[in-house]
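Structure record follows, encoded as structure tokens.
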Amino acid sequence: MDSIIFDLDGTLWDPRETVLTSWNQALKEQGYNKVLTTEDLTKTMGLQMHEIAKILFTELNEQEQIKMMDDCIAIENPYVAEHGGELYPELENTLKELHKSYRLFIVSNCQDGYIEAFYQYHKLDHLFTDFENPGRTGLSKGENISLIMQRNRLKNPVYVGDTQGDRNAARAAGIPFIYAAYGFGEVEDFEEKINGLAELPELLKTFKG
């Protein structure tokens with residue numbers, strides 16, 4: 001194995017409180033009489049933005065849903081860059097240890113600018129070689145994983161994520177999947193499982209894929 005590709009939300013951090021605050025601010029500024037909850041965000045984690053809009057704003061038509069998400073994102077990215085999120089335990093130390101032996105990447109189903117906001121607040125960009133998301137490419141997560149592999153000439157990567165969508169994306173890209181069981185989703189089909197990020201370096205010493 002030469003590299004590790006990570007999902008972001010539910011795998012490296014929990015951004016729900018920060019995202020929730022920014023989205024509710026956007027709804028208020030637009031005069032939209034609705035307040036989102038943590039539960040609302042949890043059930044949409046791992047989905048692309050247009051999919052999230054269909055779930056959270058069922059009373060709006062498709063064009064209105066897209067506009068509402070654009071309004072939320074316009075506030076979310078700078079807010080996340082300023083306030084950050086909740087990093088999972090031992091994240092930075094674990095990434096530093098992994099960085100000694102593997103090239104690290106992020107592929108998330110987020111909007112353009114979101115991963116950069118994560119980097120900006122938590123100052124972790126120096127540990128990652130590259131990243132990708134559908135906000136930049138318009139591609140599915142599996143296609144973005146493949147794009148990262150091609151662009152960086154990866155031969156034997158593994159994907160680490162917390163949802164069935166992550167598992168499906170890894171399968172689509174033809175690479176092994178490690179389930180982050182501490183995250184937001186439930187997955188039954190995986191090569192390996194971790195209950196905390198700190199378990200990953202030791203697991204990878206014997207991981208066969």
With rounding to the nearest 0.5 Å, note down the distance linking [atom1] in [X] to [atom2] in [Y].
{"X": "Tyr114", "Y": "Met49", "atom1": "OH", "atom2": "CE", "answer": "7.5 Å"}
{"X": "Leu27", "Y": "Ser22", "atom1": "CG", "atom2": "OG", "answer": "9.5 Å"}
{"X": "Glu17", "Y": "Leu41", "atom1": "CD", "atom2": "CG", "answer": "8.5 Å"}
{"X": "Ile115", "Y": "Ile106", "atom1": "CD1", "atom2": "CD1", "answer": "5.5 Å"}
{"X": "Phe105", "Y": "Phe128", "atom1": "CZ", "atom2": "CZ", "answer": "10.5 Å"}
{"X": "Trp13", "Y": "Phe6", "atom1": "CH2", "atom2": "CZ", "answer": "15.0 Å"}

Determine, using the 4.5 Å side-chain heavy-atom cutoff (strictly less than), whether [X] and [Y] are members of one ILVMFWY cluster.
{"X": "Tyr121", "Y": "Leu12", "answer": "no"}
{"X": "Val107", "Y": "Leu104", "answer": "no"}
{"X": "Ile178", "Y": "Tyr159", "answer": "no"}
{"X": "Ile73", "Y": "Phe118", "answer": "yes"}
{"X": "Tyr102", "Y": "Ile145", "answer": "no"}

N/O donor-acceptor pair under 3.5 Å between [X] side chain and [Y] backbone:
{"X": "Asn24", "Y": "Val35", "value": "no"}
{"X": "Glu64", "Y": "Leu60", "value": "no"}
{"X": "Asp71", "Y": "Met68", "value": "no"}
{"X": "Thr18", "Y": "Gly84", "value": "yes"}
{"X": "Gln65", "Y": "Phe57", "value": "yes"}
{"X": "Glu116", "Y": "Gly113", "value": "yes"}
{"X": "Ser146", "Y": "Gly142", "value": "yes"}
{"X": "Asn133", "Y": "Ser108", "value": "no"}
{"X": "Thr58", "Y": "Lys54", "value": "no"}
{"X": "Asn144", "Y": "Asn109", "value": "no"}

Candidate pair Ile175 and Met149, rule side-chain contact (heavy atoms from CB on, under 4.5 Å), full reasoning: CA-CA 10 Å; Ile175 64 174; Met149 292 167 59; 3.6 Å; yes
Residues, nucleotides or ligands: over 12 heavy atoms within 6.0 Å of Lys34 NZ: yes
With a 6.0 Å cut-off (strictly less than), is the heavy-atom count around CG of Asn33, excluding the residue itself, greater than 12? no
Side-chain contact, heavy-atom cut-off 4.5 Å: [X] with [Y]?
{"X": "Thr42", "Y": "Arg16", "result": "yes"}
{"X": "Gln63", "Y": "Ile66", "result": "no"}
{"X": "Lys67", "Y": "Gln30", "result": "yes"}
{"X": "Met1", "Y": "Leu204", "result": "yes"}
{"X": "Glu90", "Y": "Leu197", "result": "no"}
{"X": "Leu154", "Y": "Ile5", "result": "yes"}
{"X": "Phe131", "Y": "Asp125", "result": "no"}
{"X": "Phe190", "Y": "Asp166", "result": "no"}

Hey, mind stepping through Gln111 and Met69 against side-chain contact (heavy atoms from CB on, under 4.5 Å) and telling me if it holds? CA-CA 10 Å; Gln111 70 273 15; Met69 285 307 306; over 6 Å; no
Is it true that [X] and [Y] make a salt bridge, defined as a side-chain N closer than 4.0 Å to a carboxylate O?
{"X": "Lys43", "Y": "Glu39", "value": "no"}
{"X": "Arg103", "Y": "Asp2", "value": "no"}
{"X": "Glu191", "Y": "Arg167", "value": "yes"}

Just say parallel, tilted or perpendicular for the rings of Phe177 and Tyr179, cut-offs at 30° and 60°. parallel
Looking only at heavy atoms, what is the nearest atom pair of [X] and [Y], with distance?
{"X": "Trp23", "Y": "Leu56", "result": "CZ3-CD1, 3.6 Å"}
{"X": "Ala170", "Y": "Pro176", "result": "CB-O, 4.3 Å"}
{"X": "Phe207", "Y": "Val158", "result": "CE2-CG2, 3.9 Å"}
{"X": "Asn195", "Y": "Ala181", "result": "OD1-CB, 3.7 Å"}
{"X": "Tyr182", "Y": "Gly10", "result": "CE1-O, 3.7 Å"}
{"X": "Ala198", "Y": "Pro201", "result": "O-CD, 3.5 Å"}

Using distance alone, with no hydrogens and no angle criterion, decide if [X] and [Y] have a side-chain donor and acceptor under 3.5 Å apart.
{"X": "Glu51", "Y": "Thr44", "result": "no"}
{"X": "Asn168", "Y": "Gln164", "result": "yes"}
{"X": "Gln25", "Y": "Glu29", "result": "yes"}

Per side chain to side chain donor-acceptor pair (under 3.5 Å), Thr11 is matched among Asp7, Asp14, Asp9 by Asp7
